[in-house]
Amino acid sequence: MAYNDKVLDHYENPRNVGSMDKNESDVGTGMVGAPACGDVMRLQIKVNDEGVIDDAKFKTYGCGSAIASSSLVTEWIKGKTVDEALSIKNKEIADELALPPVKIHCSVLAEDAIKAAVDDYRKKQD
Amino acid sequence: MASAGTCWSCGEKLPAVEPFCPECGVIQPPHAQENPFEIYGMEPDFDVDLEALEPLFREGQQRFHPDRFATHSATERRYSLEHVTRLNEAIRTLRDPLLRAEALLTLSGRSVGSESGGAAPQDPMFLMESMELREQLEEVDISADDAQDRLDHLGRDVQQRISAEMETISTAWKTERESPSDTNLESIAGAIDRMRYHRRFLEEVDRMEEALFEEMG
């Protein structure tokens, strides 16, 4: 399949690849996967005292669209509050990357990863 | 089109499962509603004796081979092809544990869990382990001397995980037959999902082994 330029750019130069210590209290880790294709995605956020996401890291094993979707959201959520990050919808990701219909699930995965990371972070604050 | 239960060619009443009319000997269309297990004359089960299946497969292929119907009518040729196709599709399902497990879920007639895929909520611990395995695989340097050993080791590890999932499916189906419950089907659906990740991993191992082979070549 021919990938769109933005997908290729993120695929070839993924932003914010890496990991943070998942045991730190200010780090939230989201693990999501797509059983149908066996893709796995990890998204981590580091949240400061004001509830703003200072840093985000991801690691994705999957197709170009899944990598691009997660790379893109790490860029988007940095500097946003946790609530703002939660408001990101998969459609915005899919539109930005011009994902074809068969790859929409990759953007859903990225949206779910944000939710999972925020959930994990919030559980630690309780 | 003949009504079900009668020979389409001579109108004779047919026994329930009869691929050839006992009266005129003409080939009959396959029973569309039969599941892959029934097609090979077995009870739906996850544990399948694949060796016992092969002679049945070859026998069926010979019996319905389109070459044997080359001089027959267009309808008979089409039915022979339908039989052969159906036998091929059924054995493909029976040979593959993943497809076999999916067939059992379909047969149960109840839909459960996330076997259809998508981004359903899943066990984060399992995903974490999958991620760690993928990381270990990624770290294998195919130009290093121990590359083949490390790939073998990881491949065996994941193969064992697949075997464990197959064990889960087998047990869950046995329980399901004794006392049907969604819990059994959910265990099967969960095991199918996990097997998909493991298969994806093994594909990646294969891909790296090919790269390794090229490297050595």
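Basis for what follows: all heavy atoms, side chains included, without hydrogens, waters or symmetry-related copies.
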Does any donor atom in the side chain of B:Lys174 or B:Asn184 lie under 3.5 Å from an acceptor atom in the other side chain?
-> no

Cation-pi check, B:Arg196 to B:Phe201: give yes when NZ or CZ is under 6.0 Å from the six-membered ring centre and within 45° of the ring axis, no otherwise.
-> no

Under 4.5 Å, counting heavy-atom pairs only, tell me which of B:Glu135, B:His198, B:Glu204 racks up the most with chain A.
-> B:Glu135

In terms of heavy-atom pairs under 4.5 Å with chain A, which of B:Arg134, B:Glu138, B:Arg194 leads?
-> B:Arg134

Could you check B:Trp8, B:Phe64, B:Phe69 and say which one makes a ring pair (Phe, Tyr, Trp, His ring centres under 6.0 Å) with B:Tyr79?
-> B:Trp8

Per-residue contact mode, A:Lys22 against chain B (heavy atom under 4.5 angstrom) = side chain

Check for a donor-acceptor pair, side chain of A:Tyr121 on one end and backbone N or O of A:Ser25 on the other, with a separation under 3.5 Å.
-> no

